[in-house]
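Here's the structure we're looking at; comments come further down.
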Amino acid sequence: MTTTTAPVQTPPRTETRAGRGNALARQVLAYVVAVLMAFVVAGIIIAALGHNPFDAYRAIVTTSFKSGFGLVETVHKWVPLVLLALAFTIPLAAGKYNIGGEGQLLVGATASAAAGILLADLPIYVLLPLVLVCGVLAGAVFAWVAAWLMDRFGINEILSTVLLNFVSFGIVDYVASEVWSDPAAGHPTTIPIGEGGLLPLVGRPPMHLGVLLAVLVAAAVVVVMRRSVPGFELRAVGANARAAQVHGIRVGRVAVGSLVVGGALAGLAGAIEVAGVHGKLIEGMQSNYLLLGIIIGLIARGNALAVPFVAFGIAVLEVGSSAMQRSAGVPSEMVLIVEALILLFLLFSDVVGARLRRSSR
Amino acid sequence: MNEVTSFLQLVVTAMVPFILAAQGTMIAGRAGVFNVAQEGLMMLGASVGFLVSLTFGGNLVGLVVAGLGGGLFGWFLGWVTTRFRLDQFVIGLALFFAAAGLASLLYKVVIGVTLQPPLIPTLDDLSVPGLSAIPLVGPVLFQQSAMVYFAFLLSGGLYWLLYKTNHGLKLRSVGENPKAADSLGVNVARTRIWCSAAGGALMALAGAYLPMTYTGTYTEGMVAGRGWLAIALAFFGGWRPQYILAGSAFFAGMEVLALRVQVGGLDVPHQFISMLPYVATLLVMMFALRWARIPAFLGRNYDRESRTSH
Amino acid sequence: MTENSSPGPRPLLHMDGIRKTFGPVVALDGVDLTVGRNEVHGLLGGNGAGKTTLMNVLYGLYRADEGIVTLDGQEVVIRDPRDAISHGIGMVHQNFLQVDTYSVTENIVLGTELPSWPSMDLKGQAERIAELSTRFGLSVDPLATVADLSVGLRQRVEILKALYRGAKVLVLDEPTTNLTPQEVDSLFGSLRAIVDEGMSVVFITHKIRETMAVCDTLTVMRDGRRVGTVARRGTTPTELAGLMVGDDAMVRRVTEVVTAGMAAPVGRGPTVDAYAAGDAPERVVVSGLLAHNDHGVPAADVSLSVRGGEIVGIAGVAGNGQVELAEALAGVRPTAAGSMSLDGRDLAGSPTATWLDGGVAYVPEDRHRDGILPSESIVENLVLGAQRGRRFRSGPFLDWRRARQHAESSIRAFSIKAPSASTPAAQLSGGNIQRIILARAFSHEPGFLILHNPTRGLDIPSTQFVYDRTRAAAASGTAVLLISEDLDELTNLCDRILVVYSGRIVGERRRGEYDQYELGHLMAGLEESA
Amino acid sequence: CGSADPSTGQSGGAGGDSPRIAAIFSGSATDADYNALGLLALQSAEKSQGAETAHSESVPVPDAERVMKEYLADGYTVIWSHGSQYFEATSKLAKQNPDVTFIGEFDDKPKESIPNLWVLDRNFHTAFYPLGVLAAAQTKSGKIGYVGGLSLPFSYSEVHAVNQALKDSGSNATVTPVWTGDFNDPTKAQQITSQLVGQGNDVIVGSLNLGMVGAFQAVKGKTDDVVVTAKYTDKSQFDPEHYATAAIYDFTKPLGDMLTKIKAGERSGYYPLGFDTGVSIQTPKNVDPAVVAKVEQAVADITSGKITVEKNLTPIK
Ligand SMILES: Nc1ncnc2c1ncn2[C@@H]1O[C@H](COP(=O)(O)OP(=O)(O)OP(=O)(O)O)[C@@H](O)[C@H]1O
Ligand SMILES: Nc1ncnc2c1ncn2[C@@H]1O[C@H](COP(=O)(O)OP(=O)(O)OP(=O)(O)O)[C@@H](O)[C@H]1O
Ligand SMILES: [Mg+2]
Ligand SMILES: [Mg+2]
């Protein structure tokens, strides 16, 4: 008999480069469609509110690209976003939810500022590395607290990281309004760190070198995740912790390590904000990076390679949001709604894609 | 009124949003739906609850509509995650963003710029005849607003529902082993969708409680992170209604105590005092509540014909 | 062969032209099934033949693409298990569908419409369940938590679930996999009682011996089609094997599996040459090894040794410390006391990775849970465990090219059926997943190989493949420990069999002395008579 | 002060054509509080000066510089950052963009003067002196509660001013300053105010934004003999029974004044807020007429220079 019966050997999917390119193109297409759909729906809402959606969108797109300044601002915004997205994604690969990027960023920033203020007179080649390293270490330690609570006491990491965020707010407020407060700032802010602690600026308009650092870190994360032994173990734990353990991987350590590395990246983000953007610690400097970082990580589906690109898109949106309010009068809350819609449509594009592929067979 | 009484009254008043939002998280979670939109849904509840009460001149309408709105969001979460099996975490965050945006947007559209924001009357205290005369307990527990009674009765009701009724048996099984539940004719999708809707409604009610108790109006950022704390509280309470009630008392007690310490003039920077509730919670988890168990299928979608989801 | 078309006047259940596809896979291709009244109807077939799928369609868990189901001469539409239950269909699934945290009673009443005001009356139901269980010889404590029960007892809970709902047709999907011979007999007794009360049973298995013992009628499936329906009286094991496997050459190659346990009617293993490996050096020495279970209770306390080239079996009813023993011997579970050495090197107390390096290879019982990374490719799955070794590494990085070559050669050597080396493991069938795990275990060139239920759920050719490989490993000097609940398998392969009960070794038999009933006696914890 | 710095005849808003003004606000302009005041001033400037205006709401401090830069890029000629938290970013940008005129808010007189920066000194301490006088005259328990948000220098100056008023009035009442950690969390404000009242504080001096609503809620409907003062806008509606007064701020006049001067070419200066420039104390309610008189006297004395309220930004122990 010639009817197909189970189990059918699907014809060997040839692993050609073209095949892989096709898959990539399909994925990118899904993203594009989702973004377009989100903008269409948001546009309808904007129009319903009595504003002009085209003006609004023009504002979003042009802010980042019409001037070098806009681009630099976007790139500056990209840095903390990409780092926080990785801080979420790396533990996620091991099945752990790091909701504490905010706290880790703040504690990292606090430590950087402390180093930069206490040792303000040191020359740049000593102070700058110190400022960055302090941020990284502090972020790592703060994440380690949550990891330790998880490993030693079995406390769910979502719970502990959420609570530790609130603790970090207190720390920043204390440092910025009691310890090294700058009375002239009108807001809990520390005095500036030493000149030597600032990241050098390059280009016109000036861009800080933290951008380069973030690019390098993101690239390193991709390489480590895909090719290195720890990266493999991390993925193995995420794919099946039991099987990983049976095969000699120390699951607890990997999970703790992934959270600590995530914390270190968030801490680096804090350090770069201090050393590159503000030159000091400011209450509220974490913005909404945590949530955006999570969103980016989720939109990128945990793929470290996709994170920087998605982060850039979100940075454009964020930078453009105030322009949208400014030039089209659209309430800035619309950006939240656009972001929500992008997420929804992205997920739906999967469902639709799967249906199409099935019906085309 | 003596000091202990007034302190406890404050604690009980402060418990309500924690109870409602965390029980909402719990009821959806016990059916396997992990909602992370609390913060946004509370904002939406606060905004809608205020605006509707204002427009229709009654807190009850405001509460009902806020609840329905939150329920709609919860229902949507349940529906897309069961029908299309979309990632619960992602949809939850998307809903958080949408609800947060909508909350401010609605206020802007309806009220706009004014120096005299319109007010709604806050909830009246209803004393329970007889019981409110008991010393200490009376004023603390039986001289409160209807929402306080609702929150406590709800917790009791949820306990009864989950552990004493057949519906509860089915509901919990859906969060533990949906395949088993399904194979016995329990409607997994429907259970999940309704639990998620109920959860969303409770979260919005938690938000609506804020303007109706603390301000009489909607103010931006009034939720101030309490939604995220509700998630922590659900874990803290081990996803069980009775412990969530106790946990709410602990959270609220710590929050009020932290302020009390300041008022009492203790010479510690207020920033450290404000960390107290969070640090105390972690300490309690470390040394007392090691059991916290989570529903086995929490946050995972069930696909009847897939082989991997059992 | 006799086509047994209509056993009774009007069949109880008739399925007609059932077709079911999963994406490109055609799992059922126009299958018919007729089950008469008061009969045990065997459903026989190899892995992936479609037995489970067919019954899942009947039970409403899968929706068929085409086909009609007739019950009592009435066409019925079954959209979900609720419909199936209301039509009197009950099913015991291959992987038990139970809520671990619930009590037996709660698991059984789940999904029914018990009144709840002012609260559910579970006590009353517990009594009803106790009564049911005595009536059908399925005794179990209705108040016990399911997670604490042995596999055999959980099995009973599953059957009680169906009986409680008043099933007319009871489907059992491979119910004997984890049972001792005694438990199998008792189950068969219960099935008889059930049939005597007017119900019918569909009994899925790939073990020909069992169908011969209990079934009245047999339907054989292969590759998603029904290849024949026969009355038990009119058929022979060889004929059934032929139907199942489909080609005669294959049948001859797998006779060992087909005839397992049947050559000697009293259950004596084939009396091949007596125990021979007696003088080879002891490679593995375990003394006073103590391991705790997940609740911190001591669960396995053993001393044993395995010589090079020897296959030592561990027999026992599931839940008698086998998992703990296997994991302790594999270095996965920390040991509380005792020592274990391989070729004189003491491994106790060191991390799992050291055991792997030391030459211990472990084929875990639950291959999906402990054996594979489902979302990762075959390549990655074969690297797992060796990622830190020199073989796949260059500097701090993994050499994926070498890993890929290794995967491709393993795919050939172990006949793994997969579209390519980058196919995610989750997409493979159970047999092929087991092949990956074996390939990984053997690529370490182990000195000590621990196999735990290595053929569970595998069909005849795959089982034969595992047997061949195991023998080959032993022949090359590996010390093999085979932990299994399948006595046929143990008596077939092992040079010695140790019986565990409650975590201790309670008896030892050598090849030539095997008697399955005696072993079953030991497994049940009854003192050695000798 | 550095007001005499004539713009030397080039662009920068001088020269008659209507200015383009951009403002940044820290919260939503619908807050009926500080940001709403800002928007009203901006709208009034649009009407009276024919200015083209734009604004951004809810600008976090770390984003202020970027948002202002975007306005610069769009060619706005006057940029107003409404809130002292933006002062640093504002003065930094002022230095970098000499052609554009900036208006920044501050709580002190800045050390250096920048030729294209108007400094609006909010002088909160001035307004809190009369509130202290009210508290001194009104309290029976001798306990006064001060509810702040973040412990910032301007908050300290307010507490010092209240203390000075107590001393000057010869009162031996004490002030308990407490901080909610957030100017906009009404829930915390309600809780902390309830406890202050429970501790016997019978005058509550509030220095919060949206949080103030919660502070009123804490006393609303209670029989306690407590009065509450507020800041920025008339908040009597929140609790007419316990509301005493508020330090009312109005930015319409200061902004108008500065814009007029900018138009006239005066591109930098120091604009202190005071009782003749944008600040007023509402006639106190729910207190004795004698208390009202004392408060009004204090305002008059400050205006006339008879009383100098010390601006003390140092932390409170
Ligand atoms: N949920 C599913 N998704 C995809 N394919 C499936 C699914 N269930 C069954 N199949 C496929 O349908 C075919 C029949 O499988 P089925 O489980 O019915 O076999 P079986 O006869 O029960 O085998 P076994 O003896 O291994 O239990 C197989 O090819 C299998 O891969
Ligand atoms: N959940 C699933 N999703 C996608 N494909 C599946 C799934 N389950 C099974 N398949 C496909 O069905 C085929 C057969 O699976 P199944 O486990 O039934 O194999 P089998 O016939 O029992 O083989 P074996 O004898 O090796 O156990 C597999 O090759 C696999 O590609
Ligand atoms: Mg199979
Ligand atoms: Mg099967």
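Sequence lines set the chain letters: A, B, ... in the order given, protein chains first and strands last, and positions in each chain run from 1.
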Q) Does any heavy atom of chain A fall under 4.5 Å from the side chain of C:Q387, the backbone, both, or neither of them? A) both
Q.
salt bridge (Lys or Arg N to Asp or Glu O under 4.0 Å), that's the test. Do C:E380 and A:R226 meet it? Break it down for me.
A. CA-CA 11 Å; C:E380 263 116 346; A:R226 300 203 156 185; over 6 Å; no
Q: Take A:F232 and C:W400 through the side chain to side chain contact (heavy atoms under 4.5 Å, CB included) test and state the conclusion after the steps.
A: CA-CA 11 Å; A:F232 175 77; C:W400 285 117; 3.6 Å; yes
Q) Within residues 134-143 of chain A, which positions have a heavy-atom distance to chain C below 4.5 Å? A) none
Q.
Check this for me: A:R253, atom CZ, are more than 12 non-hydrogen atoms of other residues, nucleotides or ligands nearer than 6.0 Å?
A. no
Q: Report the C-alpha distance between A:R242 and C:D370 in whole Å, list the side-chain angles of each, state the deciding distance to 0.1 Å, and finish with yes or no for side chain to side chain contact (heavy atoms under 4.5 Å, CB included).
A: CA-CA 5 Å; A:R242 285 254 348 163; C:D370 296 347; 2.8 Å; yes
Q | Residue, of A:A244, A:G248, A:G238, that accumulates the most heavy atom pairs under 4.5 Å with chain C | A | A:G248
Q: Kindly indicate, with the supporting measurements, whether the criterion side chain to side chain contact (heavy atoms under 4.5 Å, CB included) is fulfilled by A:I249 and C:L384.
A: CA-CA 9 Å; A:I249 297 173; C:L384 182 63; 3.8 Å; yes
Q: Would you name the heavy atoms of A:A239 and C:E376 that are closest together and state the gap between them?
A: CB-CG, 4.1 Å
Q: Under the side chain to side chain contact (heavy atoms under 4.5 Å, CB included) rule, what do A:V223 and C:F397 come out as? Steps first, then yes or no, please.
A: CA-CA 9 Å; A:V223 172; C:F397 294 114; 3.6 Å; yes
Q: Check whether more than 12 heavy atoms from other residues, nucleotides or ligands sit under 6.0 Å from atom CZ of A:F309, and answer yes or no.
A: no
Q: Can you see which heavy atom on A:R250 is nearest to which on C:P351, and at what distance?
A: NH2-CB, 2.7 Å
Q | Contacting moiety of C:R440, where chain A heavy atoms sit under 4.5 Å | A | side chain
**Q.** Closest non-hydrogen atom pair between C:L398 and A:S228, with its separation
**A.** CD1-O, 3.9 Å
**Q.** Interchain contact, C:R369 with chain A, by part (heavy-atom threshold 4.5 Å)
**A.** both
Q) In this structure, are over 12 heavy atoms from other groups packed under 6.0 Å from C:R63 atom CZ? A) no
**Q.** Considering all heavy atoms, the nearest A:A236-C:L373 contact
**A.** O-CD2, 3.5 Å
Q | Any side-chain heavy-atom pair of C:P396 and A:V229 under 4.5 Å | A | no
(Q) With a 4.5 angstrom heavy-atom cut-off, is it the side chain or the backbone of C:I372 that approaches chain A, or both, or neither? (A) backbone
Q.
Minimum heavy-atom separation for C:T352 and A:Q245, please, with both atom names.
A. CG2-O, 3.9 Å
